[in-house]
Amino acid sequence: MKPEEIQQLAQQKYPEILHEKESETQEGTDFIRAIIEEHMKSGRFGGRVHTRFPPEPNGWLHIGHAYSINWNYSIAQEYGGKFNLRFDDTNPVTEEEEFVQSIIADVKWLGADFEDRLLFASDYFEQLYEYAVQLVKKGLAFVDDSSVEEIREMRGTLTETGRNSSYRDRSIEENLDLFERMKAGEFPNGSKVLRAKIDMTHPNLLMRDPIIYRILHATHHNTGDKWCIYPMYDWAHGLEDSLEGITHSLCSIEFEIHRPLYDWYIDQLEDENGNPIFHSQQIEWAKLNVTYMVLSKRRMIRVVNEKFVDGWDDPRMLTVAGMRRRGITSEAVRNFALSVGVSKREKLIDMSTFEYFIRDDLDKRCSRVMSVLNPLKVVITNYPEDIEEQITIQNHPTNEEKGNRQVNFARTLYIEQEDFMENPPEDYYRLAPGKEVRLKYAYFITCEKIIKDNETGEIKEIHCTYDPETKGGVAPDGRKVSGTIHWISANHIIEAEVRLYDRLYTKENPMDTEEGEDFTDCINPDSLTVIKSYVEPFLKDVEPGSRFQFERNGYFVVDIVDSTKENLVFNRIITLRDSWAKK
RNA sequence: AGUCCCAUGGUGUAGCCUGGAAACACUCCAGACUUUGAAUCUGGCGCCGGGAGUUCAAAUCUCCCUGGGACUACCA
């Protein structure tokens, strides 16, 4: 009996044994799922999983956010739960509607389905205010007239305890009155704040009577001028999660130290029936960083403002908009994000890992086409001048469903400059004087002559002969050639602008700078090269955003911003792996 | 310097709770195959921060040390 037959038989007769074995050998899971599994067992959330992505609408999303979105969404999916998109818009001064729209578009593009749960912290302002009143009534919050400087000074330091504010003992009635008048707009910005009454000697600075509300006479993108007091993030965030019934609130590690405060707030509050309010579980994880990239918002803004790149959607940026324009698929981003895994240690992922997932996805989905990026003219001297052949080629080497297309072959062609060398090294597979190579899908050709410019010595064209017996690329006599190169018929081309993108930074970790250096010092001056190239004519009719593999050249996308029928623009998404170039 | 968090190949993640020959992915290096120097397939290199202790046995438990990070906004 063959092993597979034994396997099959066992599968039929004793499926439970095999199943058991499988679960035994199952790899461990990440710490977040482990926590969720615990909750599933204990029944803490009644078997419910509800996650969320809570951006502040003050900038563009980048791959780090995409990582968070993908994890939040896929964890919810995995447990049959839900995922919310919630804007943490508690600071009217920094936030804009423009970012709300771009973030919604980005999240949708990433494929995280928040259904009808597009939510705003600002929609909870009333509830948040009532919670604050509740705290005041319990004697757990007070209005403080101290200045910013006084509050800072009395907070203490990392090693010294703080001191109580002289307003800390105001009566509940006075606090209630003052807080209401703060809300009513009686006081100017900065004149008063509402503070929680916790412990000024607490080792965690965030617990030293944190500010809950500040006065801000400003117009909010969502609530307009309705409010002039705004909740602080620490007050709002945990309560938003609570209000939405978020079970597992994932956030980055720097908020770990905030968790005791969120927990404290939630534990003090009760609903209209006097029951404790819903208590989410916050879980902190480490952010994603990628080599040869800078993801901090502040620095990305500089790169844009100082014109190192052409805007937020520049294909060299790892913003979601930039990746989309670059032609990277959301599936690649998702596969990458999930493969990285979650943990609490600082991570700096190799760019090559991301590149692997980009190619992995593109390879499967992209039809192959012929292009010549840097043309070199080739004349097949023994090919008739008045003939043109139609060659049928498969659009994808392994996926026949992608169909076929016709390509013209004629006497005058272009090949890649790189594919010809006058004095090649020993292990050069491509065309050289006296050498025979295969024109992919077409014929074997042999280089007979080089035509040079008389003055510059530059190679202008090369003359080859073809073997008519090798049509289709196979020699009836069985002889082999070491190289196969791509080509394009000179009479059947259109010119396209091709933008070749390379890494934005030349250093693995641009933030690792010497004294007096700036991360912008290692910006790659050659991160963008624009050339005019020849591509197959049918490409002028494809939709912007369409992706192709230019055979042997890499993956390219029709630019969604600049490309038109008249002026076709391709972005190079990524090169093919090239084990030859490495040597 | 107080409180908290983190430490496994080059990179990232499992293994740690419940001690028993350190696994997976990417990278890198070989080779096979190839009408893309691609893809695919096969093989290989390479890791438990340090020191004590407990134990027949420690990546795993205990203690100490070292290194890295977060926190001193009326930002999020």
Side-chain angles (χ1 to χ4, degrees), chain A residues 25-30 34 54-56 58 88-91 93-95 144 146-148 151-152 155-162 189-195 202-208 210-216 229-230 232-234 236-237 251-260 284 286 288 291 297 336 339-357 359-360 363-364 368 393 397-398 427-430 437-442 444 472-474 480-486 508 549-554 575-583:
Chain A
T25 53
Q26 199 174 33
E27 284 294 322
T29 182
D30 53 84
E56 185 189 15
N58 71 346
D88 231 325
D89 52 353
T90 54
N91 186 353
V93 214
T94 57
E95 295 153 10
D144 196 330
S146 306
S147 67
V148 181
I151 290 176
R152 183 187 303 138
R155 181 156 34 225
T157 66
L158 295 174
T159 49
E160 297 158 37
T161 60
N189 288 357
S191 59
K192 283 178 171 47
V193 288
L194 183 73
R195 289 228 258 171
H202 199 108
N204 182 346
L205 285 280
L206 291 165
M207 299 294 275
R208 319 241 259 231
I211 292 168
I212 296 176
Y213 270 93
R214 80 281 213 185
I215 299 171
L216 227 45
I229 55 170
Y230 289 92
M232 296 293 291
Y233 173 84
D234 280 339
H237 194 83
C251 64
S252 53
I253 203 103
E254 69 260 33
F255 292 106
E256 194 161 41
I257 203 154
H258 296 240
R259 176 156 35 97
E284 305 84 13
L288 177 78
T291 58
K297 187 180 286 177
F336 167 67
S339 85
V340 164
V342 289
S343 67
K344 303 186 82 156
R345 52 195 290 211
E346 229 178 282
K347 42 175 134 272
L348 180 60
I349 316 286
D350 276 343
M351 189 62 180
S352 57
T353 303
F354 187 32
E355 291 171 344
Y356 167 83
F357 284 99
R359 293 191 181 104
D360 182 53
D363 177 53
K364 282 175 241 156
R368 315 285 131 123
I393 43 189
T398 53
D427 55 351
Y428 187 74
Y429 290 1
R430 287 110 98 149
V437 296
R438 170 166 40 232
L439 292 179
K440 194 168 184 188
Y441 310 117
F444 285 9
V474 193
K480 302 280 185 207
V481 287
S482 58
T484 299
I485 62 175
H486 62 277
E508 197 164 84
Q549 187 197 96
F550 288 0
E551 295 223 31
R552 302 207 309 131
N553 272 327
T575 60
L576 259 28
R577 277 188 65 209
D578 191 348
S579 52
W580 161 251
K582 269 178 198 158
K583 290 180 188 174

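Throughout, protein chains are lettered first and strands after them, A, B, ... in sequence-line order, and every chain is numbered starting at 1.
- Looking at A:Ile485 and A:Leu439, their side chains come closer than 4.5 Å, going by heavy atoms from C-beta outward.
- Within 4.0 Å of A:Ser352, counting heavy atoms only, lie sugar-phosphate atoms of the nucleic acid but no base atom.
- Summarising the geometry, the separation between CZ on A:Phe354 and P on B:rU27 is reported as 14 Å, rounded to the nearest angstrom.
- Shown here, B:rG46 forms no base pair; nothing in the strands shown gives a Watson-Crick or G-U wobble contact with both key distances under 3.5 Å.
- Ranking B:rA1, B:rU36, B:rU72 by closeness to the A:Lys440 side chain, first place goes to B:rU36.
- Within the structure, every side-chain polar atom (N or O) of A:Arg368 is placed at least 4.0 Å from both OP1 and OP2 of B:rU36.
- Distances were taken from every side-chain heavy atom of A:Glu56 (C-beta onward) to each of B:rU36, B:rC6, B:rC75; the shortest belongs to B:rC75.
- Rounded to an integer number of Å, the gap from CE of A:Met351 to P of B:rC28 is 14 Å.
- Side chain A:Glu160 to base B:rU72: no donor-acceptor pair is found below 3.5 Å.
- Pairing for B:rU62 is with B:rA52, a Watson-Crick or G-U wobble pair whose two hydrogen-bonding atom distances lie under 3.5 Å.
- Using a 30° and 60° split on the angle between ring planes, A:His258 and A:Tyr233 fall in the perpendicular class, above 60°.
- Remark: P of B:rC75 and OH of A:Tyr213 are 14 Å apart, rounded to the nearest angstrom.
- In this structure, A:Glu508 and A:Asn553 both approach RNA chain B, and ranking their closest nucleotides by distance from the 5' end singles out A:Glu508.
- In terms of phosphate contacts, A:Arg214 brings a side-chain nitrogen or oxygen within less than 4.0 Å of OP1 or OP2 of B:rA76.
- In this model, no side-chain donor or acceptor of A:Asp350 finds a partner on the base of B:rG12 within 3.5 Å.
- In this structure, A:Asp88 places its CG atom 14 Å from P of B:rC75, rounding to the nearest Å.
- For the OP1/OP2 pair of B:rA38 and a distance below 4.0 Å, the side-chain nitrogens and oxygens of A:Ser579 include at least one atom meeting the criterion.
- Nucleotide B:rC41 has B:rG31 as its partner under the Watson-Crick or G-U criteria, with both atom distances under 3.5 Å.
- A donor-acceptor contact under 3.5 Å is not formed by the side chain of A:Arg577 with the base of B:rG37.
- In this structure, of B:rU36, B:rG12, B:rA76, it is B:rG12 that holds the atom nearest to the side chain of A:Leu348.
- Pairing each heavy atom of A:Lys440 with each of A:Thr484, the nearest pair is CB-CG2, 3.6 Å.
- In this structure, the CE atom of A:Met207 is 21 Å from the P atom of B:rG2, given to the nearest Å.
- Rounding to whole angstrom units, NZ of residue A:Lys347 and P of B:rG10 are separated by 18 Å.
- The phosphate of B:rA76 (OP1 or OP2) has a side-chain N or O of A:Thr90 nearer than 4.0 angstrom.
- Here B:rA73 presents its P atom at 16 Å from CD of A:Glu254, a figure rounded to the nearest Å.
- Checking B:rA76, B:rA14, B:rC74 against the side-chain heavy atoms of A:Asp30 singles out B:rA14 as nearest.
- Shortest non-hydrogen contact noted between A:Asn204 and A:Pro260 is ND2-CG, 4.0 Å.
- A 4.5 Å side-chain heavy-atom check between A:Gln549 and A:Leu576 finds at least one atom pair inside the cut-off.
- The side chain of A:Ile253 approaches B:rC5 more closely than any other nucleotide in the set B:rC74, B:rC5, B:rG37.
- Residue A:Lys344 places its side chain closer to B:rC5 than to any other of B:rG37, B:rC5, B:rA73.
- In this structure, of B:rA76, B:rA73, B:rC6, it is B:rA76 that holds the atom nearest to the side chain of A:Phe255.
- Nearest to the side chain of A:Pro203, among B:rC75, B:rU72, B:rG2, sits B:rG2.
- For the pair A:Tyr230 and A:Val93, the minimum side-chain heavy-atom distance is 4.5 Å or more.
- At a threshold of 4.0 Å, the pair A:Arg368-A:Asp363 counts as salt-bridged, since one of the basic side-chain nitrogens sits closer than that to a carboxylate oxygen.
- The side chain of A:Met232 lies closest to B:rA73 when the candidates are B:rU3, B:rC5, B:rA73.
- Here B:rC24 sits opposite B:rG12 as a Watson-Crick or G-U wobble pair (both hydrogen-bonding atom distances under 3.5 Å).
- Here A:Tyr428 lies in heavy-atom contact (under 4.0 Å) with a base.
- One interatomic measurement links the two molecules: CD of A:Glu256 to P of B:rA76, which rounds to 21 Å at whole-angstrom precision.
- Nucleotide B:rU3 has B:rA70 as its partner under the Watson-Crick or G-U criteria, with both atom distances under 3.5 Å.
- For A:Tyr429, counting side-chain heavy atoms from C-beta on, the closest listed nucleotide (B:rG37, B:rC71, B:rC6) is B:rG37.
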